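Note that this is a predicted model, so its numbers are computed, not measured. Per chain, numbering begins at 1; letters A, B, ... match sequence-line order.
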There are 2 protein chains.
Amino acid sequence: MKARPYHHGDLRAALLTLAEDTLRARGPAELSLRELAREAGVSPAAPSRHFKTKQALLDALAIEGFQRLTSAMDASLDRVGESFGARLTAVARTYLGFAAANGALLELMYGRKHDPDASTELITAMHRLKDLATDLIADGQRRGEVRPGPLDLMSLPLFVALQGLTQLATSGGFPADQIEAGVDETIAFILRGYAPS
Amino acid sequence: MKARPYHHGDLRAALLTLAEDTLRARGPAELSLRELAREAGVSPAAPSRHFKTKQALLDALAIEGFQRLTSAMDASLDRVGESFGARLTAVARTYLGFAAANGALLELMYGRKHDPDASTELITAMHRLKDLATDLIADGQRRGEVRPGPLDLMSLPLFVALQGLTQLATSGGFPADQIEAGVDETIAFILRGYAPS
DNA sequence: CTACATTGTTATCGCTGCCTACATTTGGAG
DNA sequence: CTCCAAATGTAGGCAGCGATAACAATGTAG
């Protein structure tokens with residue numbers, strides 16, 4: 001029988017996958033580097049080669065999350081027409097789908113947002129998502145389907161709605177079926193708010 | 001000189017105040033029972049008499065937060081007329097004021113929401129807040145200032161907006177002045193969405 | 001082949017939450 | 001008033017954690 005090799009092969013990737021699993025199952029507080037090391041079959045100090053601190057691992061997880069989310073939203077926009085309503089609906093549904101499927105991860109992603117020493121990589125990842133939403137509004141305005149107004153102000157309600165829906169969807173304040181129905185209601189609500197007077 | 005008395009006097013209250021301070025300053029993750037005990041001038045195991053686990057202390061903090069928030073919102077509703085617009089504005093401003101002043105606490109309050117074994121006391125505290133918002137909508141419907149529709153569905157956008165605004169206000173994704181201006185924009189947005197067709 | 005960078009291991013530190021056993025204080029029943 | 005039980009605080013110890021330093025194995029570039 002062959003002994004486990006001294007080198008793991010791709011410990012970094014393995015740690016990230018394991019971390020995401022336990023994040024999903026038990027939340028970020030329960031995540032322990034030592035436990036990840038055990039599950040990966042390496043020594044307790046091995047992870048430190050790839051993630052200097054626990055926070056660094058969480059950051060890496062968050063960045064990966066932002067990448068997955070933005071590309072999912074990009075993809076959903078590609079599959080839909082040009083009308084503002086259709087695009088907004090697509091974006092909202094994708095965002096909420098991600099939120100429903102990766103609640104803890106999303107929480108982590110936004111939880112790092114106000115940390116003064118979040119990695120620059122993380123910050124740019126967040127900005128890309130923000131830009132995507134802002135562009136959506138700007139496009140709607142160009143097409144005359146969204147009331148005119150300063151972009152940064154106009155994009156706020158969209159953010160607000162997405163963030164709020166997410167919170168409700170992930171933190172389970174409402175039963176799942178109510179959410180399901182409520183999403184449509186809320187999307188209609190948003191569209192009504194953005195409609196030109 | 002008099003030795004410190006064997007009994008603290010009101011350790012429970014002292015722990016809660018200290019805990020809220022460090023919660024505000026350094027977040028819930030940095031909160032340590034042992035450190036609280038040190039600051040209170042008491043042995044490391046003393047807090048366990050009042051809070052069996054760390055989670056119990058956090059729960060107590062959250063409950064206190066819900067009580068403060070609901071009574072602030074009640075008070076703000078007492079100071080305002082009966083029109084739906086005025087009442088919604090008052091509620092929204094109070095909620096956001098609380099969120100701005102107690103960001104970490106609010107995060108804690110909602111963070112416990114989906115935990116299966118949250119204390120019943122915590123759960124009822126959350127429901128009281130939910131009822132307050134639902135009543136607001138129902139009242140608006142009675143006065144004909146809000147579109148008709150099932151209550152649970154109609155109250156959702158309000159929750160969504162409040163939650164979303166809170167998230168933006170606390171997690172600092174937007175600069176503070178943009179938030180300030182954005183609140184009015186968003187309240188107008190919500191009113192537009194609730195207006196009868 | 002050798003020198004070096006990468007990746008893992010071992011050992012240790014100080015911290016944490018939590019538990020059990022014991023000490024002191026307080027307050028109420030008799 | 002006294003005594004006993006409950007409430008509250010202390011002492012000590014346990015296992016787990018993140019982090020770091022010193023050392024070992026492996027891969028690789030020249």
Is the distance from OP1 or OP2 of [N] to the nearest side-chain N or O of [X] less than 4.0 Å?
| X | N | answer |
| --- | --- | --- |
| B:S48 | C:dC18 | no |
| A:S32 | D:dG18 | yes |
| B:R38 | C:dC15 | no |
| A:S43 | C:dT10 | no |

Quick one: [X] [atom1] to [N] [atom2], roughly how many Å, whole number?
| X | N | atom1 | atom2 | result |
| --- | --- | --- | --- | --- |
| A:D10 | C:dT6 | CG | C1' | 14 Å |
| A:F51 | D:dT20 | CZ | C1' | 18 Å |
| A:R34 | D:dT20 | CZ | C1' | 12 Å |
| A:E35 | D:dC17 | CD | P | 7 Å |
| B:L11 | D:dT10 | CG | C1' | 13 Å |
| A:E30 | D:dC17 | CD | P | 10 Å |

Just how far is it from atom CZ of B:R192 to atom OG1 of B:T186, taken to the nearest 0.5 Å?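 With rounding to 0.5 Å, CZ (B:R192) is 10.0 Å from OG1 (B:T186).
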Pair B:Y194 + A:F189: ring centers closer than 6.0 Å: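 Judged by ring-centre distance (under 6.0 Å), B:Y194 and A:F189 do meet the cut-off.
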Indicate, with a heavy-atom threshold strictly under 4.0 Å, whether A:L31 touches base, sugar-phosphate, or nothing.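 Sugar-phosphate only.
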Partner nucleotide of C:dA21 by Watson-Crick or wobble geometry (both distances under 3.5 Å):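 Base partner found: D:dT10.
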Under 3.5 Å side-chain donor-acceptor pair for B:Y95 and B:Q163: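 B:Y95 vs B:Q163: donor-acceptor pair found between side chains.
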Measuring from the side chain of [X] (C-beta onward, heavy atoms only), which nucleotide among [options] has the closest atom?
| X | options | value |
| --- | --- | --- |
| A:L33 | C:dG17, D:dG18, D:dT10 | D:dG18 |
| A:H50 | C:dG17, D:dC17, C:dT7 | C:dT7 |
| A:K54 | D:dG18, C:dT9, C:dC18 | D:dG18 |

Presence of salt bridge, B:R142 and B:D139, under 4.0 angstrom: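 B:R142 and B:D139: salt-bridged.
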Indicate yes or no: does A:R87 engage A:E82 in a salt bridge with an N to O separation below 4.0 Å.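 Answer for the salt bridge query: no.
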